[in-house]
Amino acid sequence: MPDWELLLTDARIATMRAGAADYGVIEDGAIAISNGKIAWIGPKSGLPDNAAASNRSLDGRWVTPALIDCHTHLIFAGDRSGEFEERLRGASYEDITRAGGGIMSTVRATRDASADALYAAALPRVQALAAEGVGTIEIKSGYGLNIESELKMLSVARQLGEATDVTIRTTLLAAHTVPPEYRHNADGYIDLICNELLPEVVAGNLADAMDAYCESIAFSQEQVARLFERAAALNLPVKLHADQLSDGGGAALAARFDALSADHLEYTSAAGVNAMAEAGAVAVLLPGAFLTLGETQLPPINTLREKNVPIAIASDCNPGTSPICSLRSAMMLATRLFRLTPEECLAGSTRVAARALGLDDRGTLEAGKRADIAIWNISHPRELAYWIGTPQLTTLMLADPL
Ligand code: DI6
Ligand code: FE
């Protein structure tokens with residue numbers, strides 16, 4: 001006879017199972033939990049008669065997988081609201097970056113900040129995401145751009161993971177922009193990452209993946225390829241900020257290196273989408289950056305759909321291009337700006353987001369998956385991509401971190 005720790009009953013469950021229609025709904029469902037995993041899930045009528053467990057009725061509430069924010073830059077110091085005003089007056093993101101502002105202004109503030117100060121600034125951002133149902137968050141470095149400060153950012157990210165129930169996945173984004181020390185020697189900076197930083201990060205288990213920014217204002221395809229070769233040699237998965245401001249062939253480059261995901265993709269060509277489809281890479285769409293930059297070029301949504309490239313949605317929380325510390329808001333923006341359906345948005349912030357992080361133990365509610373569960377006060381799961389800033393989370397239940 002099954003001996004479960006907890007049995008949730010009277011639940012309306014959006015399982016988000018792959019291939020299931022209509023959110024994979026189970027009406028009048030039950031979920032049994034043991035050892036932090038889903039031991040049984042299905043309609044209550046299918047429960048074994050002799051099941052023993054402490055039973056908690058959810059009174060007909062909706063249940064979904066805990067949300068997953070698979071692309072954030074939420075560790076940073078300072079803010080860039082002044083640049084936001086400049087952009088409102090007509091300056092472009094590239095103009096500001098070339099004039100020494102943009103990412104570099106956050107880099108200066110982040111280098112100057114202590115690890116404790118960065119931690120204190122980032123913790124409320126993690127808590128804000130958790131308060132809207134997010135149980136797994138990816139955090140990138142990329143505002144240090146030297147060995148000491150990149151290591152500092154990644155250590156703070158690991159600390160956030162230890163201090164909260166939220167799973168934090170860390171990504172080394174040292175190749176975010178060329179630091180001033182290497183202004184005329186971007187290749188030298190790539191060498192520094194390949195030969196010194198990356199081995200130290202891997203030895204200290206500080207990153208779960210590596211990312212880079214492939215763009216005319218950042219790094220070339222050849223430079224990113226060098227980084228990716230080194231990451232592959234060290235068994236570190238890769239992902240890429242690709243084709244955000246221009247078509248730099250980023251999507252195809254990511255695909256060539258079997259990247260987990262290619263992110264942004266506003267300017268990605270059909271050939272880039274084809275390459276992603278063949279490689280099985282996830283497209284991570286970031287409507288917050290699209291909105292904040294006043295972008296008008298839409299990512300190739302229909303081509304992604306036609307080629308069955310899985311689409312994830314993330315907040316891209318950062319002080320420059322997406323001052324939005326809310327995955328729920330990003331989901332709503334993705335419906336309006338990108339015309340994704342609410343179901344695509346929920347899949348994109350659960351099942352597909354898990355895949356973008358290389359995590360196969362979460363993102364759906366199925367037997368064997370982690371018991372990372374969000375319980376909502378809503379009348380239908382489509383509401384999760386409808387309201388902005390509306391508190392609808394009843395409980396976020398998270399399994400103990402691994
Ligand atoms: N693209 C983005 O949208 C963020 N990074 C990137 O490569 C912006 C980061 C910033 O402007 O601070
Ligand atoms: Fe980003």
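Note that this is a predicted model, so its numbers are computed, not measured. Atoms within each ligand, like the ligands themselves, are counted from 1 in listed order.
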Where the Fe ion (ligand 2) is the vertex, angle from His241 NE2 to His73 NE2 to 10°: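 Answer comes to 100°, rounded to 10°.
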Among His241, Lys140, His264, Glu83, closest by any non-hydrogen atom to atom 7 (O) of ligand 1: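 Answer by nearest heavy atom: His241.
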Option with minimal heavy-atom separation from atom 10 (C) of ligand 1, where the choices are Tyr93, Tyr213, Phe290: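 Checking each option, the heavy atom nearest atom 10 (C) of ligand 1 is found in Tyr93.
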Region of [X] engaging ligand 1 - heavy atom pairs below 4.0 Å:
X	result
Glu215	neither
Asp316	side chain
Phe76	neither

Distance-only N or O hit between ligand 1 and His176, under 3.5 Å: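 Yes, since at least one N or O of His176 sits under 3.5 Å from an N or O of ligand 1.
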Nearest-contact summary for atom 1 (N) of ligand 1 - protein heavy atom, Å: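 Ranking protein heavy atoms by distance from atom 1 (N) of ligand 1, first comes Gln244 OE1, 2.9 Å.
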Nearest non-hydrogen protein atom, atom 2 (C) of ligand 1: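 Heavy-atom neighbour on the protein nearest atom 2 (C) of ligand 1: Thr321 OG1, 3.4 Å.
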Aromatic ring pairing His241/His71, orientation class (parallel under 30°, perpendicular over 60°, tilted between):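 Perpendicular.
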Ring geometry between Tyr189 and Tyr182 (parallel below 30°, tilted from 30 to 60°, perpendicular above 60°):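 Because their plane-to-plane angle lies in the 30° to 60° range, the rings of Tyr182 and Tyr189 count as tilted.
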Atom indices of ligand 1, in the order listed, that fall short of 4.0 Å to a heavy atom of Ile103: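 Here the atoms of ligand 1 in question are 9 (C), 10 (C), 11 (O), 12 (O).
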Sub-4.0 Å atoms of ligand 1 with respect to non-hydrogen atoms of Tyr143: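 Result: 9 (C), 10 (C), 12 (O).
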Candidates Arg169, Lys239, Lys140 - the one meeting salt bridge (charged side-chain N to carboxylate O under 4.0 Å, His left out) with Asp211: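 Going through Arg169, Lys239, Lys140 one by one, the salt bridge (charged side-chain N to carboxylate O under 4.0 Å, His left out) with Asp211 is satisfied by Lys140 alone.
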Ion pair [X]/[Y], N-O distance below 4.0 Å:
X	Y	value
Glu27	Arg12	yes
Arg226	Asp187	yes
Arg183	Glu181	no

Output field: ring centroids Phe219/His176 closer than 6.0 Å: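 Ring centroids of Phe219 and His176 are no less than 6.0 Å from each other.
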Heteroatom N/O/S of Asp316 within less than 2.8 Å of the Fe ion (ligand 2):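 Checking Asp316: at least one N, O or S atom is under 2.8 Å.
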Arg125 charged N/C atom sitting above Phe76 aromatic ring, 6.0 Å / 45°: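 Cation-pi check for Arg125 and Phe76: passes.
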